[in-house]
Q: 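Following this message is one structure expressed as structure tokens.
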Amino acid sequence: RTKEESELYRLNHRSGNEVTVSEDLYALLSCAKEYYEKTNGRFDISVASLSDLWNFKSETPKVPDDAQIKKTLKKTDYSQVHLEPEHKVVFDDPDTMLDLGALAKGYIADKLKAYLVSEEIEGGYINLGGNVQVLGTKTDGSDWRVAIQNPDSESSYLGVLSTADKAVITSGGYERYFEQDGQVYHHIIDPQTGYPSESDLTSVTIVCSDGTTADALSTALFVMGLDGAKELYRSGSLDFEMILYDGSRVYVSEGIADSFSTNMNTEIITIQP
Ligand code: ADP
Ligand code: MG
């Protein structure tokens, strides 16, 4: 998004309200539309201007002015971005910008996996900074074991998942954040408030055949919180499994409950479909 020669940069710095984009970008924007709709707008890639305002990557980040946040919220609404035939993208608001940070890594990993499959690779794993995709099984036929980071400690795991052929993707507020006046501000934004999401969860892991879905939902479910996550899981509108942590309990959806193990002294609660 920050690279001037990129297609996304050109889309965000358009003149006029209509841009024709490549097939790849259109596919990503379409996925983002589906997740926006199925999460009631809690997943919203038009948070770009809010992310700029919060500027988490800066060396000296600080809490923006509340009036500025309110103003920026007006251009944060992906329902004001229309995907039309022939890869045409139409914007209602000339200032709306898009940010693919929540799902691009998952999409890229899907493409890498498809490439490996096309080269007849039978087993392996791809790790893009915590976004793990496993292909097939290990050479001895056993499942891959993917460890999930404990957000409270760098030296222990929340647990280990045994899995084959799946994306295992985690989001949490502990990866990128700053502190001001004793308060922590992290990089996952609630599009309803313009502020970092005040989630009751500290870590969300999604397990899914499709990496794009896993990446997007890890961010979305973090914003939605425990009740919202359970509701989306039970609605069946998207096919995924999940591991949630609220700082004291671990919640594991039924489809992977038998494949998850932990050494931590915490309660594990199975979420039924
Ligand atoms: P990471 O990429 O750091 O592993 P995530 O996959 O959770 O973590 O994505 C976080 C990124 O997603 C943020 O840096 C920002 O670019 C973008 N983002 C933040 N809040 C939202 C949101 N509510 N909906 C969609 N994208 C978001
Ligand atoms: Mg994500």
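It should be emphasised that the depicted structure is a prediction, and the values quoted were computed from it without experimental measurement. Whatever order the structure lists them in is the order used to number ligands and atoms, beginning at 1.
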Q: Judged by modelled atom types alone, do Tyr26 and Thr20 share a side-chain donor-acceptor pair under 3.5 Å?
A: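 There is no such pair (donor and acceptor under 3.5 Å, judged by atom type) between the side chains of Tyr26 and Thr20.
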
Q: Run the numbers on Asp65 and Lys71 for salt bridge (Lys or Arg N to Asp or Glu O under 4.0 Å), then give the verdict.
A: CA-CA 10 Å; Asp65 191 43; Lys71 203 173 125 202; over 6 Å; no

Q: Where's the contact between Lys105 and ligand 1, heavy-atom distance under 4.0 Å: side chain, backbone, both or neither?
A: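 Looking at Lys105 and ligand 1, just side chain atoms fall under 4.0 Å.
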
Q: Ser218 to ligand 1: N or O pair under 3.5 Å?
A: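 No: no nitrogen or oxygen of Ser218 is under 3.5 Å from one in ligand 1.
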
Q: Between the side chains of Asp66 and Tyr195, is a donor N or O closer than 3.5 angstrom to an acceptor N or O?
A: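 A pair is found: one side chain offers a donor N or O, the other an acceptor, under 3.5 Å apart.
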
Q: Which of the atoms in ligand 1, numbered in the order shown and given with their element, are less than 4.0 Å from a heavy-atom of Ile188?
A: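 Reading through ligand 1 atom by atom, the close ones are 7 (O), 19 (C), 20 (N).
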
Q: Any non-hydrogen side-chain atom of Leu232 less than 4.5 Å from a side-chain atom of Ser237?
A: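 Side chain of Leu232 against side chain of Ser237, heavy atoms only: contact under 4.5 Å found.
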
Q: For atom 23 (N) of ligand 1, find the nearest protein heavy atom and state the residue, atom name and distance (0.1 Å precision).
A: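 I find the closest protein heavy atom is Ile189 O, 2.8 Å.
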
Q: So, are Arg1 and Asp52 salt-bridged, with charged N and O less than 4.0 Å apart?
A: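 Looking at Asp52 together with Arg1, the answer is yes, because their closest N to O distance falls below 4.0 Å.
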
Q: Can you find an N or O of Asp44 that's nearer than 3.5 Å to an N or O of ligand 1?
A: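 Among all N and O atoms of Asp44, at least one is under 3.5 Å from an N or O of ligand 1.
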
Q: Are any of the N or O atoms of Ser171 closer than 3.5 Å to those of ligand 1?
A: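 Yes; at least one N/O pair falls below 3.5 Å.
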
Q: For Thr219, counting its heavy atoms only, list the atoms of ligand 1 lying under 4.0 Å from any of them.
A: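 Taking each heavy atom of Thr219 in turn, ligand 1 has 5 (P), 6 (O), 7 (O), 9 (O) under 4.0 Å.
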
Q: Taking 2.8 Å as the cut-off, does Ser171 contribute an N, O or S atom near the Mg ion (ligand 2), distance below it?
A: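 Not a single backbone or side-chain N, O or S atom of Ser171 is under 2.8 Å from the Mg ion (ligand 2).
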
Q: So for ligand 1, is Asp99 a polar contact partner (N or O within less than 3.5 Å, distance only)?
A: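 Such a contact does occur with ligand 1.
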
Q: Apply the side-chain hydrogen bond (donor to acceptor under 3.5 Å, both in side chains) test between Tyr107 and each candidate in Asp24, Thr213, Asp210, Asp215; give the one that qualifies.
A: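 Result for side-chain hydrogen bond (donor to acceptor under 3.5 Å, both in side chains) with Tyr107: Asp24.
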
Q: Are more than 12 heavy atoms from other residues, nucleotides or ligands located less than 6.0 Å from atom CD of Glu122?
A: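 Atom CD in Glu122 is not packed in, count stays at 12 or less.
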
Q: Which residue owns the protein heavy atom closest to atom 3 (O) of ligand 1, what's the atom, and how far is it?
A: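 Minimum-distance protein heavy atom for atom 3 (O) of ligand 1 reads His187 NE2, 3.0 Å.
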
Q: Is there a donor-acceptor contact under 3.5 Å linking the side chains of Thr270 and Glu254?
A: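 There is no such pair (donor and acceptor under 3.5 Å, judged by atom type) between the side chains of Thr270 and Glu254.
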
Q: Report the nearest protein non-hydrogen atom to atom 27 (C) of ligand 1: residue, atom name, distance rounded to 0.1 Å.
A: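 Going by distance alone, atom 27 (C) of ligand 1 is nearest to Val47 CG2, 3.6 Å.
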
Q: Of all the atoms in ligand 1, which lie at a distance below 4.0 Å from a heavy atom belonging to Arg42?
A: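 The list of qualifying atoms is 22 (C), 23 (N), 24 (N).
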
Q: Taking the six-membered ring of Tyr78 (Phe, Tyr or Trp), confirm whether the NZ or CZ of Lys33 is under 6.0 Å from its centre and within 45° of its axis.
A: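 Yes, cation above the ring, under 6.0 Å and within 45°.
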
Q: Just checking Lys62: does its NZ atom have more than 12 heavy atoms from other residues, nucleotides or ligands closer to it than 6.0 angstrom?
A: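 Atom NZ in Lys62 is not crowded, with 12 or fewer foreign heavy atoms closer than 6.0 Å.
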
Q: Near the Mg ion (ligand 2), is there an N/O/S atom from Ala102 that is less than 2.8 Å away?
A: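 Under 2.8 Å: Ala102 contacts the Mg ion (ligand 2) through an N, O or S atom.
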
Q: When you compare ligand 1 with Ile45, is there at least one nitrogen or oxygen pair between them that comes in under 3.5 angstrom?
A: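 By distance alone, the answer is no.
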
Q: Looking at non-hydrogen atoms alone, which of Ala216, Gly101, Pro191 comes nearest to atom 11 (C) of ligand 1?
A: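 Among Ala216, Gly101, Pro191, the closest heavy atom to atom 11 (C) of ligand 1 comes from Gly101.
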
